[in-house]
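Basis for what follows: all heavy atoms, side chains included, without hydrogens, waters or symmetry-related copies. Note that the coordinates shown come from a computational prediction; the quantities given were computed from them, not determined experimentally. Both counts, for ligands and for their atoms, begin at 1 and track the order of listing. Each residue takes its place number in the sequence, starting with 1.
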Amino acid sequence: MFTPSLALGLVLLPFVSAAVHDIQVGANGGLVFSPEAIAAQPGDQVVFHFTSKNHTVTQSSFANPCGLKDGGFDSGFMPVAANQTDNFPTHTITVQDTQPIWVYCRQKVPVSHCGAGMVFAVNCGADGSPNSFTGFKQSALAFGAAQASATPSAAPSAPAAPAASSDVAAPVWTTAAYGGYTIPAAAQATPVTQAVTLGSQVWTTTYNSVPGSPDPTPTSAEGAIHTVVVGGTGGVLSFNPSSVQAKPRDVVVFEFHQKNHTVTQSSFADPCRPLNANGVTGFDSGFFPVADNATTFPTWNLTVNDTAPIWAYCRQTVPASHCGSGMVFAINAVESSDRNFTAYQNVAKALNGTAAAANAPAPSPSAPANAASSIRLGGATATVAIAAAFALLL
Ligand SMILES: *[C@@H]1O[C@H](CO)[C@@H](O)[C@H](O)[C@H]1NC(C)=O
Ligand SMILES: *[C@@H]1O[C@H](CO)[C@@H](O)[C@H](O)[C@H]1NC(C)=O
Ligand SMILES: *[C@@H]1O[C@H](CO)[C@@H](O)[C@H](O)[C@H]1NC(C)=O
Ligand SMILES: *[C@@H]1O[C@H](CO)[C@@H](O)[C@H](O)[C@H]1NC(C)=O
Ligand SMILES: *[C@@H]1O[C@H](CO)[C@@H](O)[C@H](O)[C@H]1NC(C)=O
Ligand SMILES: *[C@@H]1O[C@H](CO)[C@@H](O)[C@H](O)[C@H]1NC(C)=O
Ligand SMILES: *[C@@H]1O[C@H](CO)[C@@H](O)[C@H](O)[C@H]1NC(C)=O
Ligand SMILES: *[C@@H]1O[C@H](CO)[C@@H](O)[C@H](O)[C@H]1NC(C)=O
């Protein structure tokens, strides 16, 4: 039998020893995760059951409990009718390592659920340690208190200022991790529940969809194969093709040609550094040195598990940054959006290219002024880049 989550469950069938942790979201109609904190092993699944109201399961960070972490996961809103008593919607994540995972509900109507303490953690520190659950929840409550005191109509003179909130309501532009480059907003995800038919098997899947997201139906049980040539003779610094559209279960075969390259996962906003968001470490092929006279080429394979865009690059920096010269790669980039492959490649060139140091790019004139806002948290002013990336959309 297939598990309901296509994004996470589909190809995990052989790994049977992992534990499953069930969490109630909005237990008894309250603004609470139950239990609030768990310990989990790599490979374990955490299944969130949305039992009331209209909540999300959204990844944040210890430092900013009520803001979407760039590259973090997000279930999207999961509304549940007041009279619903079973068949609750779920969202599943797989624990990748022993790092803490910080989670909140980003509903803010009529009040910030996170600010009311609706937070959750996996593998947090013990009480009294610097990253305890108690400390995390206290910061969330402090955020709520700061927001409540900032909200009253006391700011009529503020011209079109956004609410002082790190929560994510609408897509906003953000600033790159370094270099001051302006990053296009990620589209908002909408959870879609759909029956998927594969041969004689039919199952229901819930996945996040953005406009332009591919259909999640696998091509076949084995998936299709996409071959990508990495590097080659004449010093060519490219993935060919540099962008593919793939379905869950498809395999991307990276065939390493001349020179000494990698394929390493990153994120749209930080294209030339390895993805390492809380609890999520990206893939990395390692270096594949290939001689100039080679005629057979080593391969490294990646299985596609969902329809969210995947961003990657070559992390060779000798003699110069391959990523900065545009050696980047994408799976399922939404070409009709601002986060298309060319836009991603441009971010890489702007941040790590030869021109990056000499010619720091000016912020885009079309970026609205609310790309970052300051919030006061526990007495310290923190500048929070509002990233509207979501869920599995990195
Ligand atoms: C759930 O909450 C979101 C955000 O407040 C809102 O946009 C959406 O309409 C709500 N859905 C339902 C069914 O109430
Ligand atoms: C819940 O209420 C709605 C509208 O009030 C109704 O259409 C629906 O059948 C009810 N569902 C159940 C399970 O009672
Ligand atoms: C490949 O590149 C890496 C990183 O620059 C380097 O450490 C390694 O020695 C290189 N391998 C060969 C065989 O040149
Ligand atoms: C490639 O060249 C190296 C030395 O330049 C030689 O040792 C090796 O046998 C050659 N390999 C092939 C496949 O021709
Ligand atoms: C990658 O997949 C291809 C096609 O199935 C296969 O020929 C190749 O041996 C695989 N490479 C590795 C390293 O498993
Ligand atoms: C898909 O899942 C497999 C097994 O968990 C994992 O090895 C692989 O890296 C995942 N693919 C991506 C693109 O993350
Ligand atoms: C890109 O630049 C950043 C910031 O200087 C650096 O940390 C990173 O290692 C660089 N990556 C590559 C592949 O050049
Ligand atoms: C690709 O993204 C860039 C910048 O984000 C945007 O200007 C361009 O219009 C996009 N292309 C398409 C075809 O939407």
Could you say whether the N/O atoms of Trp300 and ligand 5 ever approach to under 3.5 Å?
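No.
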
Do any non-hydrogen protein atoms sit less than 4.0 Å from atom 14 (O) of ligand 3?
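Answer yes: something from the protein, a heavy atom, is under 4.0 Å.
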
For atom 7 (O) of ligand 5, is the nearest protein heavy atom closer than 4.0 Å?
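No, there is none.
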
Just to confirm my output: which protein heavy-atom neighbour is closest to [atom], and how far is it?
| atom | result |
| --- | --- |
| atom 5 (O) of ligand 3 | Gln316 OE1, 2.6 Å |
| atom 12 (C) of ligand 5 | Asn301 ND2, 3.5 Å |
| atom 4 (C) of ligand 7 | Tyr178 CE1, 3.4 Å |
| atom 1 (C) of ligand 3 | Asn260 ND2, 1.5 Å |
| atom 2 (O) of ligand 7 | Asn352 ND2, 2.4 Å |

Please report whether ligand 7 has a polar contact with Leu351, defined as an N or O pair separated by less than 3.5 Å (distance criterion only).
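There is no such contact.
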
Has ligand 7 got any nitrogen or oxygen that is less than 3.5 angstrom from a nitrogen or oxygen of Ser321?
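Yes, Ser321 has an N/O under 3.5 Å of an N/O on ligand 7.
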
Determine the interplanar angle of the Phe288 and Phe256 rings, folded into 0 to 90°, and report it as parallel if under 30°, tilted if 30 to 60°, perpendicular if over 60°.
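Parallel: the ring planes of Phe288 and Phe256 meet at under 30°.
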
[atom1] of [X] to [atom2] of [Y]: how many Å apart, nearest 0.5 Å?
| X | Y | atom1 | atom2 | value |
| --- | --- | --- | --- | --- |
| Phe143 | Leu141 | CZ | CG | 11.5 Å |
| Gln245 | Asn332 | CD | CG | 5.0 Å |
| Asn123 | Thr98 | CG | OG1 | 6.5 Å |
| Leu302 | Ile310 | CG | CD1 | 6.0 Å |
| Asn301 | Ser285 | CG | OG | 11.0 Å |

is_close_aromatic(Phe297, His257), centroid dist under 6.0 Å:
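They qualify: ring centres under 6.0 Å apart.
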
At under 4.0 Å between heavy atoms, is it the side chain or the backbone of Thr299 that contacts ligand 5, or both, or neither?
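Both backbone and side chain of Thr299 come within 4.0 Å of ligand 5.
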
Kindly say whether Ala224 contributes a backbone atom to a donor-acceptor pair with the side chain of Asp250 at under 3.5 angstrom?
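Here the side-chain-to-backbone pair exists.
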
Among Phe341, Phe239, Phe268, which residue satisfies the ring pair (Phe, Tyr, Trp, His ring centres under 6.0 Å) criterion with Trp311?
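When Phe341, Phe239, Phe268 are each tested with Trp311, the ring pair (Phe, Tyr, Trp, His ring centres under 6.0 Å) holds only for Phe268.
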
Ligand-residue contact atoms, ligand 5 with Ile225, heavy atoms, under 4.0 Å:
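Going through ligand 5 atom by atom, the ones under 4.0 Å from Ile225 are 4 (C), 5 (O).
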
I'd like to check which ligand 7 atoms, numbered from 1 as shown, lie under 4.0 Å from a non-hydrogen atom of Thr317.
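With Thr317 as reference, the close atoms of ligand 7 come out as 12 (C), 13 (C), 14 (O).
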
Heavy-atom contacts with Cys272 under 4.0 Å: which atoms of ligand 7 show up? List them by number with element.
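With Cys272 as reference, the close atoms of ligand 7 come out as 1 (C), 8 (C), 10 (C), 11 (N), 12 (C), 13 (C).
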
So, 4.0 Å and heavy atoms of Val251: is ligand 5 close enough to count as a contact?
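The answer is no: ligand 5 sits nowhere under 4.0 Å from a heavy atom of Val251.
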
Heavy-atom distances under 4.0 Å decide this one: backbone, side chain, both or neither, for Arg273 against ligand 7?
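Only the side chain of Arg273 comes within reach of ligand 7.
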
Check: Phe120 and Phe48 side chains under 4.5 Å, non-hydrogen atoms:
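Yes - at least one pair of side-chain heavy atoms lies under 4.5 Å apart.
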
